[in-house]
Amino acid sequence: MLAALPTLLCLTMLVFVLTTSARGDPALILLEQSDQPATPELLAFYRAELGLDDPLPVRYLRWLGNALQGDLGRSFLTQRPVTDMLAERVVPTLTLGLVAFAVATLGGVGLGALLATSRQPWADLLVRLALCVLAAIPSFWLAIGLIFFLGVQWRLLPVAGQGSWQHIVMPAVALSFGSMVVMLRLTRSAVLEVLREDYVRTAHAKGLAPRLVTLRHILRNAALPLTTLIGMRFGTLLTGAVIIESIFAWPGLGSVFITAVAGRDLPVIGGYILLIGLPIIAANLLADVFCHALDPRINLADTAGGRA
Amino acid sequence: MASPTRATTARMSRRRLLQLLALGAGASFIGACTAAQPQPAAVPPEATAGPAASEGLANQPVNVTLGVGRSLILGEEDPWFTHSSLMCWEPLVGLDDRLNPTPVLAESWELADDNLSWTFRLRKGVTFSDGEPFNGAAVVKNIERNIQISPRRSSFFTMDAPRAYGDLAEVSAPDEYTVVFRHNKPFPMMEATMSNFFSAMFSPKSFTAEGNFAGIPATTGPFKLVAWERDQWYNLARNEGYWGTKAKVNTLRFEQIADANTRVAALESGQVEALVELGVLGLPQAAALRGREDIIVQAGPITLAQWLHFNCSKPPFDDLRMRQAVAFAIDREVIVKDLAFGFGNAATGILSTLSQRWFSPKGIVPYAPDRAQQLAQAALQGQRVEVLLPFDPNSARTPRELPEYLQSLLRPLGIDVQLQAVEPAVLTDMQEKGEWQLRLPNGFGWANGDPDFRFRPHLHSQGSANVTQKGGYRNESADKLIDEAVLERDYQKRFAMCEQLQQLAADEVPTMVLYDVVSPYAFRNTISNLGLRITYQPTLELMEKRMA
């Protein structure tokens, strides 16, 4: 777990350097949003108030020092504490991420195992062909399609916002679809691989019920590569929500991040990266732990040592 | 091999763990879904108790849901809390649709003979929504609070006290309905600077000691803010104690949808009933919605304009002939008709015809392609010149094809326009560093209707377009005229100065207006009487809804 701290530190430093070296003056961007001329006097005031006149290392160390005390600063754009801004958006993003994660995992693993064990060559071929096509669909395109059919044409679901369970259906489906397809394909391959193993044949020969063979022997052994993938995909689902949240006006961290990047709102960008970085690192750590639990031959110390 | 007991314990633990995880996820999901539930209960009973003014069932409350794209509420940290478009707060002075200062909470105003004090006479019988009376003391408190927090950042309108109130010595209320502003230096244009944001009035009880808002402020407008969720939705209720004609609908709900296509989908699906606010509907989207039976598309002139700026400090536009050549070559009618889908009025000079008081036809730049060719030939002597035009390809306001149109239009003149598509932040940076020869700004409107708001940024050597954005135009005569005009109280004399400046802008073209923006908006056919004022305010108080 300690290895996560330098990772986080490097992450924030990288983000800080990249964001500040990106072209765009936050003071002028902010001033241009206001419905009045960007006079040199106002620009100087904005720059001073945002602390943009200080050298980059001073600004980074000041930000880091405050962050260590739990103060992520105030947003350039909204003037609000970044911690407040992020705190009120975490739950919607986590909710969407978790629902999408559940849909992707249950749908992907379940369908993948079903396909591999179904012994219906035509169904397998058909689904694989369909998956090749579906895997190429970007989530934003799917989102637009869902809005058009389910929201506008058939009026089954609200097209934007938050407020009821119906609001989460379209964003969760759009967000989870890509991951679900990947998980489905990997599950199918992993299960097919395991099916050829001697111990599976032995289990069948011993007279074990097919359901028990699938659950105890096939899925358990096929779960190793899947667990790693699921851990990695959780992070993707959280960060991938940026576009989906924006399309569906889902009030999560995504829209805050997009606005912050467009406005070069450094305190918010730094806070966001910190917030998103933590669960991603934690998810990867958890995946390692689960791998060890599933197959004790995997040595976490060696893995960690190898990484270090 | 694990013993049966250990295995059982391990299975139990895993199951327990899974149960706990599922429970946590479920609780989180339910919590998140219900946390942001709309809060109709927050609307006070009196807001919905009145008779419905719209067509339909007599006693049924009339509620309308509108979609917006940007934040119209910035909250306690902002000098104004809500945008003027929500019609919660009112100013002392407003602007009519010809940009003339018009009474709102002030009934009249006059400048003293010595040019050093303004007297505002206030409307009687007005109360804030918290029951506090609107009077001279409230105005003094508001002005003092604005001075206290100035300068204060805001993406609506920066609070800048010297710009708003001049070199103010004192503000006082000699009687309950009179407020006097005494200045150290003459400030004759105060009636214009006081319009809208700079004279917004809030109940004195709405402020903390530091001048911030202590929660939702009490206001005097036709609607009052009842509940809101930042960047998501706002619920407004009709102000039953409004001093003017009461609004026709009982409650308004605004849903903030950032994505332009989703906003239109929300209108098409009926989730929102109107899209009416600055930039809420893109030009191609508005054009695509025209002709539908269930949706009505309209448009209203606003004070924004699409400009073409020349970098006067760099070749080739440091040569007056080249600026004139480009100006004469552009057919602004074509731009409006073919590129802006008709949502514009071809420009008539640096001041729009919308300004009844200050527009002069002497500022009109003619369309003269032959003359443009002659001027370009004389300046370039058969050579070709390359110029850089950076632009934001995703700008909702600038027609997408306008940069390419200019590129093709200027090629016969010997000008090769190099187009560079960049994101808005990079565009801002390029402008600040002067890395451009042509640019297409449309950022700020004409907030107070005073000609100085258009002349100074563009024609004065210290103006924002020339200093901050490195336009580099310098003309001492223009500087002198601009500085003298703001001190002139006599209308005829000031008009003559403004006329000279309009002529100068047409002759020297440091910048040109391509067209004045006509902003489209759309609503479902159950809605009527919904318009857009020149200051971007929807006519929410006039809006009616036909009930099913």
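In what follows, every chain begins at residue 1, and chains take the letters A, B, ... in the order their sequences are listed. This is a predicted model, so every value here is computed, not measured.
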Discussion item. Just so I understand: if I count every heavy-atom pair under 4.5 Å between each of B:Thr468, B:Thr158, B:Ile257 and chain A, which residue has the most?
Written reply: B:Thr158
Practice prompt. Could you look at B:Gln271 and say if it's the side chain, the backbone, both or neither that has a heavy atom under 4.5 Å from chain A?
Written response: side chain
Worksheet item: Is the closest side-chain heavy-atom distance between B:Arg163 and A:Pro37 below 4.5 Å?
Response: yes
Worksheet item: Using 4.0 Å as the upper bound for N to carboxylate O, is an ion pair formed by A:Glu49 and B:Arg152?
Response: no
Worksheet item: Given a strict heavy-atom distance threshold of 4.5 Å, which part of A:Thr39 is in contact with chain B: side chain, backbone, both, or neither?
Response: both
Response to the item:
For A:Gln36 and B:Phe198 the tightest heavy-atom approach is NE2-CZ, 4.4 Å
Worksheet item: Is chain A contacted by the side chain of B:Asn261, its backbone, both, or neither, given a heavy-atom distance below 4.5 Å?
Response: neither
Practice prompt. Check whether any side-chain heavy atom of B:Glu432 lies under 4.5 Å from a side-chain heavy atom of A:Leu43, and answer yes or no.
Written response: yes
Worksheet item: Which atoms form the tightest heavy-atom contact between A:Ala38 and B:Ser464, and what is the distance?
Response: O-CB, 3.1 Å
Discussion item. Using modelled atom types and a 3.5 Å cut-off, is there a donor and acceptor pairing between side-chain atoms of B:Ser155 and backbone atoms of A:Ser34?
Written reply: no
Worksheet item: Is the number of heavy atoms from other residues, nucleotides or ligands within 6.0 Å of CZ (A:Arg155) greater than 12?
Response: yes
Worksheet item: Is the number of heavy atoms from other residues, nucleotides or ligands under 6.0 Å of A:Tyr199 OH greater than 12?
Response: yes
Practice prompt. Decide yes or no for B:Arg153 and A:Leu31: does some side-chain heavy atom of the first lie under 4.5 Å from some side-chain heavy atom of the second?
Written response: no
Worksheet entry | Side chain / backbone / both / neither for B:Arg230 at chain A, heavy atoms under 4.5 Å | both
Item to complete: Pick one of side chain, backbone, both or neither for B:Gln462, based on which atoms fall under 4.5 Å of a heavy atom in chain A.
Response: backbone
Fill in: Interchain contact, B:Phe197 with chain A, by part (heavy-atom threshold 4.5 Å)
neither
Worksheet entry | Part of A:Leu150 lying under 4.5 Å from any heavy atom of chain B | neither
Practice prompt. Between chain A and each of B:Ser71, B:Gly445, B:Pro151, count heavy-atom pairs under 4.5 Å; write down the option with the most.
Written response: B:Pro151
Worksheet, complete the sentence: Residues A:Val152 and B:Ser269: closest non-hydrogen pair is CA-CB, 4.1 Å
Worksheet, complete the sentence: The interface call for B:Val426 against chain A, heavy-atom contacts under 4.5 Å, is both
Practice prompt. Just give me the residue among B:Ala266, B:Ala260, B:Ala265 that pairs up with chain A most often, heavy atom to heavy atom, under 4.5 Å.
Written response: B:Ala265
Practice prompt. Verify the distance criterion only: is there a donor paired with an acceptor across the side chains of B:Gln469 and A:Glu32 at less than 3.5 Å?
Written response: yes
Discussion item. Between A:Thr78, A:Leu42, A:Ile258, who has the most heavy-atom pairs with chain B when the cutoff is under 4.5 Å?
Written reply: A:Leu42
Response to the item:
Given B:His458, B:Glu255, B:Glu435, B:Gln256, the one with more heavy-atom pairs under 4.5 angstrom with chain A than any other is B:Glu435
Discussion item. Which atoms of B:Pro424 are under 4.5 Å from chain A, going by heavy atoms: the side chain, the backbone, both sets, or neither?
Written reply: neither
Worksheet item: Is there a side-chain contact between A:Glu88 and B:Glu229, using heavy atoms and a 4.5 Å cut-off?
Response: no
Discussion item. Heavy-atom pairs under 4.5 Å with chain B - which of A:Phe248, A:Phe45, A:Trp154 has more of them than the others?
Written reply: A:Phe45
Worksheet entry | Heavy-atom proximity to chain A below 4.5 Å, by part of B:Phe157 | both
Worksheet item: Distance-only, no hydrogens or angles: does the A:Gln79 side chain make a donor-acceptor pair with backbone N or O of B:Asp78 under 3.5 Å?
Response: no
Practice prompt. Decide, yes or no, whether a salt bridge links A:Arg264 with B:Glu423 under the criterion of side-chain N to carboxylate O below 4.0 Å.
Written response: yes
Worksheet item: Checking A:Gln33 side chain against B:Phe156 main chain: does a donor-acceptor pair fall under 3.5 Å?
Response: no
Item to complete: Taking the side chain as every heavy atom from C-beta outward, state whether A:Arg23 and B:Thr428 have any atom pair closer than 4.5 Å.
Response: no
